[in-house]
Amino acid sequence: MTETTATASGRDDTGASQTLSVRDNRTGQEYDVPIVDGAIRAADIGKIKTEDEPGLAVYDPGFVNTASCRSAVTFIDGEAGILEYRGYPIEQLAEKSSYLEVAYLLVHGELPTKDQYDSWVHEITYHTFVHENIRTFMQGFRYDAHPMGMLLASVGALSTFYPESRSISDADNRHMQVVRLIAKMPTLGAWAFRHAQGKPYVYPDNDLGYAANFLAMLFKMSEQKFNADERLIRALEVLFILHADHEQNCSTNAVRSVGSSEVDPYSAVTAGIAALYGPLHGGANEAVLRMLRRIGSEDRVPEFIEGVKNGKERLMGFGHRVYKNYDPRAKIIKQAADDVFEVTGVNPALKIALELERIALEDEYFVTRKLSPNVDFYSGLIYEALQVPPGMFTVLFAIPRTSGWLAQWLELVQDPDQKIARPKQIYTGPRTLDFMAPSERWK
Ligand code: SDX
């Protein structure tokens, strides 16, 4: 007897039924599971059960093959190396747009009119200041506190200054918090850097654009106005655009998972910052620079590659869960690197990076594992040329990623399909043990 787990299953234009026919050999029952948008619902698999066993679950560590949501924010084709924000190819946005226009596109779902853009830029510009108590809070960190730890804590602390942000069902309130977070991340990121340097914190300059203002808050000293080279400002804008979103990556998954409890957006973004901090994710750009410094020279690259192949090393900045040929952002970043090096001089570590890339792209170990440079492989070289220390590299990832995290969070809180994240497990521990009191156990 075939039990259909859905009342009707679609058919494609060849008339083939868009279903899986599953036979449970434990019971002899057969199930027709609908295939929709290239996926089946885990709930339909959960209907496959026996009299003694509960419905089947799907075991997928790291969610390698699990769709957690339906999203219209970012499209990636890993095989073809395609990345689009709201349908616009990343190559066109990187060449022709600005970070704040891309942030508007991600958050609102379409490109802004002139009035919408001007209003958006004005709102962001005039919300870059943070409460003075946040400055005092940040001064409590040790001199050598990692900037990502400071950013993580400061954004979490921000939630206490805007208690109204917990009203996540109010659209105007959501908009206000989105503006505040996008506006304040550069200020908090720059202050984390200044703290590490033992320098006075620089307040935002509302005459400057988003990327230029960030550079000024990083590097301004006694001069009245800090005006960075336009080529460096543009390169940073491009890097911000490239890092703005990347569909359901580890940190976005963290934002969505924490956001599913209906907590405020500051707390949800704090979860994203924490996930991005990890060396397998956003922390990879810092790890790449440390790896290049450890290799030290081109002639030591073959020895390092051998270390990777025998499992003693990991080639940081290489590999990706989705991109199995190349990360389109890495190609664009290499061009941005050339523009920056025109101003700053070539980063000596570039030669080591290029030799690593040359060998890895020819070597069977990397080719069979489809490992190629990802977004983090070259970005650190640019940041270092901008005089940003490695500890700050992931902060420069978190700042632009905030608009992507928030676009995904907005989708989450308005998606009727979503509910609080609470996955199942496969229990492997002992069962029904008898507790013996310490007085008995310790005799
Ligand atoms: C980002 O998801 C995103 O979109 C993330 C991101 C974004 O914009 O949000 O794109 C940003 O995080 C980019 C990735 C930055 N991380 C790194 O560069 C760290 C180094 N890369 C890896 O650790 C790894 O490639 C991941 C974490 C990026 C992807 O890991 P997967 O998909 O879980 O792949 P895997 O670990 O299962 O690796 C498959 C095989 C394994 O070999 P075997 O065990 O099968 O023999 O490839 C090997 C791995 O050991 N491998 C590597 C490697 N990456 C994978 N071997 C050496 N060096 C590497 N970098």
Side-chain angles (χ1 to χ4, degrees), residues 60-68 71 73-79 81-85 90 94 102 106 148 239-256 269 271-292 295 301 304-333 353 356-357 359-361 363-381 390 393-394 396-405 407-408:
D60 187 13
F63 312 130
V64 173
N65 192 39
T66 294
S68 63
S71 175
V73 178
T74 291
F75 174 78
I76 298 176
D77 177 332
E79 287 302 323
I82 291 173
L83 168 58
E84 296 173 351
Y85 293 160
I90 191 67
V102 166
L106 289 168
M148 276 299 278
L239 284 162
F240 279 5
I241 290 169
L242 295 177
H243 285 85
D245 192 58
H246 213 241
E247 55 129 283
Q248 304 312 313
N249 57 83
C250 179
S251 53
T252 296
N253 181 61
V255 169
R256 281 179 169 265
V269 166
I273 297 170
L276 193 72
Y277 196 175
L280 292 188
H281 189 13
N285 52 20
E286 175 180 355
V288 167
L289 245 293
R290 298 192 192 286
M291 172 187 73
L292 295 174
I295 294 169
V301 165
F304 180 81
I305 290 284
E306 281 315 303
V308 172
K309 290 158 78 169
N310 61 37
K312 290 202 180 95
E313 298 282 0
R314 180 150 281 233
L315 184 49
M316 302 311 278
F318 263 68
H320 200 278
R321 174 64 59 77
V322 180
Y323 293 124
K324 293 310 176 190
N325 285 309
Y326 67 90
D327 182 335
R329 300 168 296 178
K331 289 176 71 172
I332 300 169
I333 283 184
L356 264 176
E357 183 184 33
I359 293 177
L361 294 182
D363 188 295
E364 187 259 346
Y365 175 92
F366 300 95
V367 172
T368 51
R369 289 169 175 79
K370 297 196 170 192
L371 301 177
S372 60
N374 59 47
V375 68
D376 292 304
F377 189 62
Y378 284 105
S379 54
L381 293 171
F393 290 0
T394 312
L396 271 72
F397 193 149
I399 290 170
R401 184 53 59 90
T402 301
S403 57
W405 285 334
Q408 300 275 351

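For ligands, and for the atoms within them, numbers begin at 1 and follow the listed sequence. Residue numbers count from 1 along this sequence.
Taking atom 17 (C) of ligand 1 as the reference point, the nearest protein heavy-atom neighbour is Ala284 CB, 3.4 Å. Annotation: atom 6 (C) of ligand 1 to nearest protein heavy atom, His320 NE2, 3.7 Å. Taking atom 28 (C) of ligand 1 as the reference point, the nearest protein heavy-atom neighbour is Gly319 O, 3.7 Å. Of the protein's non-hydrogen atoms, Phe318 O, 2.9 Å is the one closest to atom 21 (N) of ligand 1. Among all protein heavy atoms, the one lying closest to atom 1 (C) of ligand 1 is Asp376 OD2, 3.6 Å. Closest protein heavy atom to atom 11 (C) of ligand 1: His281 ND1, 3.8 Å. Protein heavy atom in closest approach to atom 57 (C) of ligand 1: Val308 CG1, 3.6 Å. Atom 19 (C) of ligand 1 has Met316 CE, 3.7 Å as its closest protein atom, hydrogens excluded (heavy atom only).
Below 30°, between 30° and 60°, or above 60°: for Phe377 and Phe318 the angle between ring planes is above 60°, a perpendicular geometry.
Panel note: side chain Asn325, backbone Glu79; a donor-acceptor pair is recorded below 3.5 Å. Using modelled atom types, one side-chain atom of Tyr85 and one backbone atom of Ile241 make a donor-acceptor pair closer than 3.5 Å. Of the possible polar contacts, one joining the His281 side chain to the Ser251 backbone as a donor-acceptor pair under 3.5 Å is found. For the pair Arg401 (side chain) and Phe397 (backbone), a donor-acceptor distance under 3.5 Å is absent.
Of the heavy atoms in Arg329, only side-chain atoms (C-beta onward) come closer than 4.0 Å to ligand 1. For Asn249, heavy-atom contacts with ligand 1 shorter than 4.0 Å involve the backbone as well as the side chain. If you look at Tyr365 next to ligand 1, the close heavy atoms, those under 4.0 Å, all belong to the side chain. The proximity of Leu371 to ligand 1, defined as any non-hydrogen pair under 4.0 Å, is limited to the side chain. Within the 4.0 Å heavy-atom criterion, the part of Arg401 lying near ligand 1 is the side chain and not the backbone.
Of the protein's heavy atoms, none falls inside 4.0 Å of atom 44 (O) of ligand 1. The nearest protein heavy atom to atom 13 (C) of ligand 1 is closer than 4.0 Å. Atom 31 (P) of ligand 1 is flagged as protein-proximal [any protein heavy atom, distance under 4.0 Å]. Note that atom 4 (O) of ligand 1 has protein non-hydrogen atoms nearby, at separations under 4.0 angstrom. Less than 4.0 angstrom separates atom 34 (O) of ligand 1 from none of the non-hydrogen atoms of the protein. Protein heavy atoms all stay at least 4.0 Å away from atom 39 (C) of ligand 1.
Where the criterion is an N or O separation shorter than 3.5 Å, residue side chain and backbone included, Gly317 meets it with respect to ligand 1. Considering backbone and side-chain atoms alike, Leu315 places an N or O below 3.5 Å from some N or O of ligand 1.
Here the side chains of Glu313 and Met291 are not in contact, with every heavy-atom distance at 4.5 Å or above. The shortest distance between side-chain heavy atoms of Gln408 and Ser403 does not fall below 4.5 Å. Between Leu356 and Ile305 there is a side-chain heavy-atom pair separated by less than 4.5 Å. Counting heavy atoms from C-beta on, the side chains of Arg329 and His246 come closer than 4.5 Å. Side chains of Gln248 and Asn253 form no contact here, defined as non-hydrogen atoms less than 4.5 Å apart. Using a 4.5 Å cut-off on side-chain heavy atoms (C-beta onward), Thr252 and Trp405 make contact. At a threshold of 4.5 Å between non-hydrogen side-chain atoms, the residues Ile332 and Leu242 count as touching.
A donor-acceptor contact under 3.5 angstrom links the side chains of Asn285 and Thr394, judged on distance only.
With respect to the salt-bridge test (charged N to carboxylate O, under 4.0 angstrom), the residues Glu364 and Lys309 do not qualify.
Distances from atom 49 (C) of ligand 1 to the heavy atoms of Arg314, Arg321, Arg369 show the closest one on Arg314. Nearest-heavy-atom check against atom 16 (N) of ligand 1 across Thr368, Val375, Leu280 picks out Leu280.
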